Every structure is written in structure tokens, then in C-alpha cells.
There are 4 protein chains.
Amino acid sequence: MNKRSGSESKKRILSAAVKVFSQYGYRGASMRLIAKTAAVSVGAVYLYFRNKEELYYTLIKNKLDDLDARTGEILRDMEDPEETMKNFIAMRLEHARRHREHILIQVKENGFTFGIKMKKDFFRHQREVVEKIIRKGIASGKFRKCDAEEVSKIIICTLRGFILSVVVEPDALFSPEECGSLILKGLLK
Amino acid sequence: MNKRSGSESKKRILSAAVKVFSQYGYRGASMRLIAKTAAVSVGAVYLYFRNKEELYYTLIKNKLDDLDARTGEILRDMEDPEETMKNFIAMRLEHARRHREHILIQVKENGFTFGIKMKKDFFRHQREVVEKIIRKGIASGKFRKCDAEEVSKIIICTLRGFILSVVVEPDALFSPEECGSLILKGLLK
Amino acid sequence: MNKRSGSESKKRILSAAVKVFSQYGYRGASMRLIAKTAAVSVGAVYLYFRNKEELYYTLIKNKLDDLDARTGEILRDMEDPEETMKNFIAMRLEHARRHREHILIQVKENGFTFGIKMKKDFFRHQREVVEKIIRKGIASGKFRKCDAEEVSKIIICTLRGFILSVVVEPDALFSPEECGSLILKGLLK
Amino acid sequence: MNKRSGSESKKRILSAAVKVFSQYGYRGASMRLIAKTAAVSVGAVYLYFRNKEELYYTLIKNKLDDLDARTGEILRDMEDPEETMKNFIAMRLEHARRHREHILIQVKENGFTFGIKMKKDFFRHQREVVEKIIRKGIASGKFRKCDAEEVSKIIICTLRGFILSVVVEPDALFSPEECGSLILKGLLK
DNA sequence: TATGAATGAGGGTTCATTCAT
DNA sequence: CATGAATGAACCCTCATTCAT
């Protein structure tokens, strides 16, 4: 059909794949539909990706790398740990809202076996970031003393819950500020 | 050609279905595999469930009803709101740990259309329970003043995150007590 | 369930089979539905008929035997060949109208391989009857001279067409008299 | 993995379908067998026809359209109604003989619900054609006076019978001439 | 004589993947 | 680089038939 540069086609396919995977899940998405959505032939998809699995994998990898980069930025100029924690949470929520489809893909195929190591690495790194913030907060006397590792896990989980909600019920928005507040101040007086 | 009591077979099928659905997701699970796992013929599955969808639906419904009942129990004898909230969170986490596979099924098929009303009803009810506890806590002066509806949403999301983690990474356990603590006391001193 | 005499059950099954076969055709009819319609268990059907094929075969055979008997009666007191021919045609049409379902079964499974000999025998016999009437008619000078065998075939076919129509479009009735007339007098002046 | 031109495959499939449907009926015919008969993969059949129903429908439609066209030709140059009627009957019989399998398909699935409107339209049109010939015949004084509508119905039925016979017993041929004769002249002197 | 749970082959259909062009 | 017809394994589901009761 149209002649396009190779990389252009690849981008189109990736973009189409995000849409289709997020809507139908890994198994529900058909290569034909992805190709059609990308306005490309079925064969073309196999030109750029060995198979469905690799296409899916690439998608996830791209997004996690992106998120890793943004996390790095936030960490770079950490001064006030409270501020940093708020920024981190807000960034993750904002990212989830903007890339709802990507998160959906992962949510739907959670437990799916591809790229499980990649995901574990990502989550470990995120947790370590949070732990680092907490330690800084405790050291600076702003956070109450607690088991930084344990609490970092909990916060990551909490965040996961927030993000899941953002993605699953995009209409029922709640403010990142309140989320941050709860984590920082708790319910009790 | 084994003869088994009807209800025995049905139980075996349900139990097999939980395993298979939780491992492969709705689409990934094949009726053949479910039948095989239940040590039953394909036809037998259709003897007890009209189709795949109904089998899936029954699974979800059973578990949600169960959870509704346990939630009711906790609410019934609420005296100290702080205690009730802790109990509620602990119950949900405990339940998730014990029925990991069931939660997995739902996580994986999030966005899947069957029984969506049933799920929505469940989540609304759970949120209302939390809201009720919060209002009681504020009224009794134990909780800081806040928008009970908004915060109940956030807590449900937080909980969702905890549960997701319990289910996705069953090894990386963290204590229900700490979870409750974070929600109640927050990170700050 | 109910205790019934064996022959009663058999009758019920046959009667149910006629209904179900005529509505759904041989392949479309399920043994389960036949059993249900007969208010009998699936197993019971296999008590009286070795399998689906035999049940079907029995049905057809019964009806053809019945028709053979009636044809015999008409032939017995043949005096006026014109009258006899009219009676024969009327009888067949009347029979078709009253046993619409049976005819439908055969129409639908025409070419079906069971009992093909039985049907051939039946049709041959019917044709011979018609041939006999024609010969008598020619001999008596009432019918124009023609190849009795050839014409008997044609009349049988004509009749088949009439019957098919009676069965397929039961509302669009046309009179047996007119049918007889056409065959006897033709279109020409 | 043979490469064939698309339209070639489609033709092969249609041709195979005629054979298989005519032998086994709609329900008895399996897509697998049709594919095999066409020397094509199962998937290929679904490349050209959305499903079994559409394949069947296409078959019927093609043939009915063809027959409509031939009927039109005969009507176009009607001069002598007797001649036209003979031609019409002969054409239909000839057509039945040449497309035995197609007729068989329809005979077997009579009462089958697909495309029922299409068939009704066809039959209505055919009857109107016959009615037109009859009226012309009466007007020209060659045919005896009769209820043209009623008699056209009967003739269509008669024809149906002839065709059915041609198709069901292809060996027991009888001449189109004699068929025409019977309809025109009747049995009586 | 009667039941109906159980079986498993087979039916319609989809879809990841390949390959001649 | 790109196409899309073709393949065939695998999916969900039905149903004739059997057999323990």
C-alpha cells in the first residue's frame, strides 16, 4: 500500500497494539485487528516483531523504561522528602491517567508469563526509590520512625491501588493531593 | 464413565475452573483444560453450566457473596471505629490471601464485561461500609475531619492495592497490622 | 417417573419423534428433545429403538404401510376408472393434509440413505396402481390411448408435486377436484 | 499452502459445497468436508464466506437468479401460448436435470429458514409467469376457460413434482414432451 | 422397565503465523 | 519492504449413545 519508512510503520503498529491490547487484552487482541488499526498488512507486523508475544513485550518494556526515566528525574532533585514523596505519587498518578491504556494492558494480563522478570525488576526499583525517600524522611526527622523497607512495600501497594482505580474507573477521579495526604498523615488525628 | 454424585462433579468443576481461570484468565482458559483438571469429560462441564460465561460468572458470584457476608459480620458489632477499620482491612487481606486464585481471576478479567453490574454493586457496597466507619470515627472524635466519601474511595483503592499485591506477589508478605497503621496514622510524625 | 406399559411408552416416543423430526429434520432432531417431548427418559428411547436411525426408519415404515393399506381399499372396488383415479388422488391429498408432519419428514430427508429400498418399493407399487387404473380407463374407452407406464410415472410425479405443495404451503390450499380435473382434462379445450 | 487465484478458490469451494450440501443436506454437511472436497483448508472457506449459512445462501441465490434469467428469456418471445408453456416446462425440467444437485439441496432443506423470502419471491414470480401464459391462452381461445390463478398454482405444483422426480430418480427419465402433453391435454379423450 | 449423569467425537468458527508474489 | 491468501491447530459447544443405579 503506502510506502512508509520502516520506523514509521513500526511506530504505527506499536501505537495500534496499545489500543487493541488495552481494549481486548492479550488473548482477545488479534494480530489482524492490530494490523488493520495500524493501517498495515498482517505481514508487515511480522516484519517488525517476531510474533505476538514479542510485540506485547516491546510495548510493556517501552512504557516501563519511560516510567523509570521519569522516576529518576524526580529523585535527582530531592530536597524535602515530604515534597518528593508527594511529587512521586502525583507523577505516578498523572502518568497512569495519561497512559491509561498501557496500564490496562498490564492489569489485564497480570500473571501473564511474558516479561515477568522485567516487571519484577521494575517494581523492585520503584520500591527502592520509595524506601530511599522514607529513609531520608526519617533521617531528617520529618517522618516518624518505622521499618522503611516494610513501609515502602506498603506504599507501593497503596500506589498500585490508586493507579488501578484511576485506570479502571477513570470517571471516579480523586485528587492526588488527598492520596498523598492519606499516606502522609493517616486517618487519625 | 465414572459415576459420581452430581454435586460432587459440580464441585470438582468449580474448583478446577478457579485454578484454570486464575492461571490463564478467562480467554486463556479452555473448557477442555478445565474438564481435564476436574477429571471430568467436556460434556460434563456443560451438564452443570450452560457455557463458559456462566461457569465464570458462578465463580465470581460465589466469592463475592461470601465476602459480602463476612463484611456484614464485621460491621454488626462495630464499637470502636479504629478497631473496626483494622478488622475490616485485616479481614479483606486475610480473605485475599486465602482465596488468592479467585482474586486473580477478577484482576485478570478486569474490564471484562460479564457480571459487571454485580461487581459494581459489590464495590459500591464495600465503599459505603468504609464511609460508615469513617463517619463514626469522625463523630466519635477519633478520626480527623475529612471528606468521608472521598476518603472512603481512597481507602478502598488503597485496599485494592494491598490485595493486588497479596495476590500478585504472595511471597512478599507484609503485615495487615502495618497496613492498618499506615492508613490510620500516616507516614508523618 | 410414571410407570407405563411398555407399548404405551413406545407409542408416545413414536408420536414425539414424528413431531420433532418433522420440525427439525433428521439431523436437527435430538434424541433428548424426542425423549422430552415424549415425557420419557433418554434411556427409555434406547429401550425401544436401537438408535436414532431405527426410530426414524420405524416412523417412515409405519406411515407407508398405512398408506399402502388405504390404497388397497380404493383399488378393491374400482368400477369407473375416472372415479377411481379421482378417489385415489383425493385420498393421497387428504392423507397428506392429515399427516403433514410425516410427509415433511420424508421430504426433508429425501436422499437420506436409510430405508431407501422401502421407499422405492412403495413408490413402485403406487405407480403400478396408477398404471392399472389407466389401462382400465383405456380399455373401457374413457381414456385416450397413451403409454400407460410412462403416463403413470408422470401422474405419480404430478401427485408428488401436489402433495409437496400441500405440505410445504398448507395455507395455499387448492382443491383436490381441480387437481383431478387438470390431470383428466388438461388445459386445452 | 498452494497458491491459487482467489476467485479460483472461491469457485472450487462453491462447487464442493454444492456436492456436499446436496449429498448430506445443510446440517449433515460439515465445513471440514466441504473444505476437503474443495482441496482447500478450513480457514480458506471462511475467507470467502462469512459462515456456513452464507455459503449455503450464496449457492441457492446463484441458482435461483440463473433460473429467473432463463425464465425471462422464454417469456420474452411468447407467441403461441401452447408452445410457450411447453418450452417453459421443458426448460425447467432440463434445468433440473442439469443442476440436479442444486435442486436436491433445496428439497432437503425445505422448511429451512435461511433465505426463505428469496425462495418465496422466486416461487411467486414463477407462478405469475405461468398465470400470464394461461391468460394469454384463454384469451387466444386455445385454452379452455378456467380460474387462471388457481390453475397456475396447480401447474406449478405439478412441475414441482416433475422436477422432484427428475432429481430424486435421475434414472427413471420421462420425456418433457409427455409431461407437457399431460398438462395440456389431460388424460381424457 | 426406567433413569439421567457421563462420555467424547465431531461440528462451526477463529486466528497466529507463513510465504509466494 | 510489503502484501494478504492460505494453513491448520485449537476453541466453544452439541449430541448420540452408554451404563450404573
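Note that the structure is predicted; figures quoted are calculated from it, not measured. To find a chain, count down the sequence lines: A is the first, B the second, and so on, and within it residues start at 1. Worth knowing before you read on, the calculation uses all heavy atoms, side chains too, and leaves out hydrogens, waters and symmetry mates.
The nucleotide whose nearest atom lies closest to any side-chain atom of A44(A) is, among dA6(F), dT3(F), dT17(E), dT3(F). Nearest to the side-chain atoms of L47(B) among the listed nucleotides dT17(E), dA5(E), dA2(E) stands dA5(E). Here dA6(F) is the nucleotide among dA6(F), dT13(E), dT17(E) with the atom lying nearest to any side-chain atom of S41(D). When distances run from any side-chain atom of S30(B) to the nucleotides dA2(E), dC15(E), dC12(F), the shortest one goes to dC12(F). Side-chain atoms of M31(B) lie closest to dC13(F) of the nucleotides dT17(E), dG8(F), dC13(F). Listed nucleotides dT7(E), dG4(F), dT3(E) differ in distance to V40(B); the shortest reach to its side chain belongs to dT7(E).
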Can you give each donor-acceptor pair under 3.5 Å made by side-chain atoms of residues 28-37 of chain C, sequence neighbours left out, with the distance rounded to 0.1 Å?
| residue | atom | partner | partner atom | Å |
| --- | --- | --- | --- | --- |
| S30(C) | OG | L33(C) | N | 3.0 |
| T37(C) | OG1 | L33(C) | O | 2.7 |

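The interatomic distance linking K36(A) (NZ) with dA2(F) (P) rounds to 20 Å, in whole Å. If you measure from atom OH of Y24(C) to atom P of dT14(F), you get 14 Å, rounded to the nearest angstrom. The separation between K52(B) atom NZ and dT14(F) atom C1' is 17 Å, rounded to whole Å. Rounded to whole Å, atom C1' of dT1(E) lies 13 Å from atom CD of E8(C). Atom C1' of nucleotide dT3(F) and atom CD1 of I13(A) are separated by 13 Å, given to the nearest angstrom. The distance from atom CZ of F49(C) to atom P of dT18(F) is 16 Å, rounded to the nearest whole Å. Spacing between atom OH of Y48(C) and atom C1' of dT18(F) amounts to 18 Å, rounded to whole angstrom units. The CZ atom of R27(A) sits 12 Å away from the P atom of dA10(F) (whole-angstrom rounding).
Among the heavy atoms of the strands lying under 4.0 Å from A29(B) are primed sugar atoms or P, OP1, OP2 only; no base atom is included.
For dA6(E), the OP1/OP2 oxygens have a side-chain nitrogen or oxygen of S9(B) closer than 4.0 Å. For Y46(A) and dG4(F), the shortest distance from a side-chain N or O to OP1 or OP2 is not below 4.0 Å.
For E53(B), the side chain to side chain donor-acceptor pair (under 3.5 Å) test picks out no residue, with sequence neighbours left out. Shown here are the salt bridge (charged side-chain N to carboxylate O under 4.0 Å, His left out) partners of K19(D), two or more places apart in sequence or in another chain: there are none. Remark: D68(D) pairs with H125(D) by the side chain to side chain donor-acceptor pair (under 3.5 Å) rule, at least two apart or across chains.
Mapped onto DNA chain E by nearest heavy atom, G43(A) and N51(D) fall at different nucleotides, with N51(D) at the one closer to the 5' end. Between V42(D) and R50(C), it is V42(D) whose nearest contact on DNA chain F lies nearer the 5' terminus.
Cation-pi check for K10(D) over F49(D) is met; the charged atom lies under 6.0 angstrom from the ring centroid and within 45 degrees of its normal.
R32(D) contributes a side-chain N or O that forms a donor-acceptor pair with the base of dG12(E) under 3.5 Å.
Annotation: salt bridge (charged side-chain N to carboxylate O under 4.0 Å, His left out) contacts involving residues 39-50 of chain D, sequence neighbours excluded, comprise R50(D)-E54(D).
Helical stems involving DNA chain E, defined as 3 or more consecutive Watson-Crick or G-U pairs under 3.5 Å, span E:2-21 with F:2-21.
The backbone N or O of K11(B) lies less than 3.5 Å from no partner atom in the side chain of S15(B), so there is not a single donor-acceptor pair. Although no hydrogens or angles enter the test, the distance criterion places no donor-acceptor pair under 3.5 Å between the side chain of K63(D) and the main chain of T58(D).
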